[in-house]
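Numbered from 1 within each chain, the chains take letters A, B, ... in sequence-line order.
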Number of protein chains: 2
Amino acid sequence: MAGKGEDTRKRILDTAQAMILDHGYAGVSVDKLIKSLGLTKGAFFHHFKSKRDLARTLIQRYSDEGVQLFRDSLARAQKLSDDPLQQFLLVIGLYEELFEGLTEPFPGCLLASYVYEMQQFDEETRDIINVEFYLSRKELTSLIEQIMEKYPPNAEVNASSLADGFMSLFEGAFVLSKSLKEADITVQQLRHYKTYVELLFRQ
Amino acid sequence: MAGKGEDTRKRILDTAQAMILDHGYAGVSVDKLIKSLGLTKGAFFHHFKSKRDLARTLIQRYSDEGVQLFRDSLARAQKLSDDPLQQFLLVIGLYEELFEGLTEPFPGCLLASYVYEMQQFDEETRDIINVEFYLSRKELTSLIEQIMEKYPPNAEVNASSLADGFMSLFEGAFVLSKSLKEADITVQQLRHYKTYVELLFRQ
DNA sequence: TATGAAACATACCATCCGGTATGTAAATCA
DNA sequence: TGATTTACATACCGGATGGTATGTTTCATA
């Protein structure tokens, strides 16, 4: 059971994240944030000791959710197949499902938003972003290496850069999607990535 | 011959662009900008009637340069080959060359930087970004359609989403590159894209 | 060499910014 | 029930912000 305090804290985080993806971190003042929440400064600084504290908490939450989503997806895929290639294709399919239903463009990636304002943040906050990308790369690379051992690729490719390609896909698709206001760009790029993997490892 | 005024104007634009890619648009105050340039407010507001004016001028210049680069690359490729597939592969190769020599990560794409602060800008500025993506997509799609007519693809793909993939590649690679401070991510992703195109259209 | 415009510099302003100090109602619990 | 903590609200502060008004210097040109 979440108390009222935790509920308000979550409301602040959710609203802040949505606003930051549209205005940027520096573009979201504490005043504007609390006004759109119907709160006061007292409330905000009760839950977060500074704006930097909010920024750090926010990106940590976002990063944790991202890692969790990937691990859950992989776990589901591993239950459905023992073959690493099939597992990877299933994971891609699960991400497709996530973005298939959207009528509006995905609001964007908070990591990318931070990356383009990197100097606004302290080292601890910047490190959270780094760790997220390193961790995702590591786990994805491990899966792709299993695939490459079993299926010799039809072109000279490198496992970790193929993993980077998967992460990069979302970052790129989100930017185009946000600007062009087209909801289906991410799904289309996921399908291209899936096709690429199939063409690479198909005998 | 550029007078001293035009030179200062260019210096402001160049410095502003570099700073915005690190701090975000809202994170670069006019004060900080002129301080790092060794100028005064009088100088800045002589060259730009407002900060918004700087933002608009900056993104227009960046967009124009991007379109120009693509058209130049395509023109060079067309001189080297009559085949649309070879032309596309050559264009990708030319972009590879551009990013091959870098020792530091590419500072990022100003369009993406703006996209993640979209609400900071007026409609005219937002439109410049839109037009850039639409135009690039259109010209790239046209080339890919020529390829598809001549070479039936080995998988069911769509020309415009494949074009989106090329633009998306840079946006994604820049984000990873900036965060991980690895200079070669963009080149690696360009090589993957080239491999994908080859696998798609190879008989 | 006089003149006007371009290219800056200086001083100032209203507003907004993150942050603090203090107060208070409500929930928790010994 | 009394004491303490949690969860807010109010009022205020010093500094930064974008922008303006008013200079001064440089420089081409007539």
Take the protein atom [atom1] of [X] and the nucleotide atom [atom2] of [N], then report the distance between them rounded to whole Å.
{"X": "A/E6", "N": "C/dT28", "atom1": "CD", "atom2": "P", "result": "13 Å"}
{"X": "A/K51", "N": "C/dT20", "atom1": "NZ", "atom2": "P", "result": "15 Å"}
{"X": "B/F45", "N": "C/dC12", "atom1": "CZ", "atom2": "C1'", "result": "14 Å"}
{"X": "A/F48", "N": "C/dT20", "atom1": "CZ", "atom2": "P", "result": "16 Å"}
{"X": "A/L37", "N": "D/dA9", "atom1": "CG", "atom2": "P", "result": "11 Å"}
{"X": "A/K32", "N": "C/dT15", "atom1": "NZ", "atom2": "C1'", "result": "12 Å"}
{"X": "B/D31", "N": "C/dC16", "atom1": "CG", "atom2": "P", "result": "17 Å"}
{"X": "B/I34", "N": "C/dC8", "atom1": "CD1", "atom2": "P", "result": "13 Å"}

Partner of A/F166 by ring pair (Phe, Tyr, Trp, His ring centres under 6.0 Å), out of A/F133, A/Y95, A/F70: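 Only one option passes, and that is A/Y95.
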Out of [options], which has the shortest distance to the side chain of [X]?
{"X": "A/T8", "options": "C/dC17, D/dC8, C/dA9", "result": "D/dC8"}
{"X": "B/L39", "options": "C/dC8, C/dG18, D/dT20", "result": "C/dC8"}
{"X": "B/H47", "options": "C/dC8, D/dA9, C/dA11", "result": "C/dC8"}

Mutual orientation of the aromatic rings belonging to A/F99 and A/F106 [parallel < 30°, tilted 30-60°, perpendicular > 60°]: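 Perpendicular: the ring planes of A/F99 and A/F106 meet at over 60°.
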Parallel, tilted or perpendicular, as decided by the 30° and 60° cut-offs, for the rings of A/Y193 and A/Y196: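 If you compare the ring of A/Y196 with that of A/Y193, the planes turn out perpendicular.
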Flag for A/S161-A/N158: side-chain donor and acceptor within less than 3.5 Å: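 Yes, side-chain donor-acceptor contact under 3.5 Å.
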Short side-chain N/O contact to C/dC16 OP1/OP2 from A/S29, under 4.0 Å: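 No, no such contact exists.
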Contact nearer the 5' end of DNA chain D, comparing A/H46 with A/K41: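 Nearest nucleotide further toward 5': that of A/H46.
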Within 45° cone and under 6.0 Å: B/K150 NZ/CZ vs B/F201 ring: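 Relative to the ring axis of B/F201, which defines the angle, B/K150 lies outside at least one limit.
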Earlier contact from the 5' end, DNA chain C, for B/G42 and A/K49: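 Its nucleotide being nearer the 5' end, the pick is B/G42.
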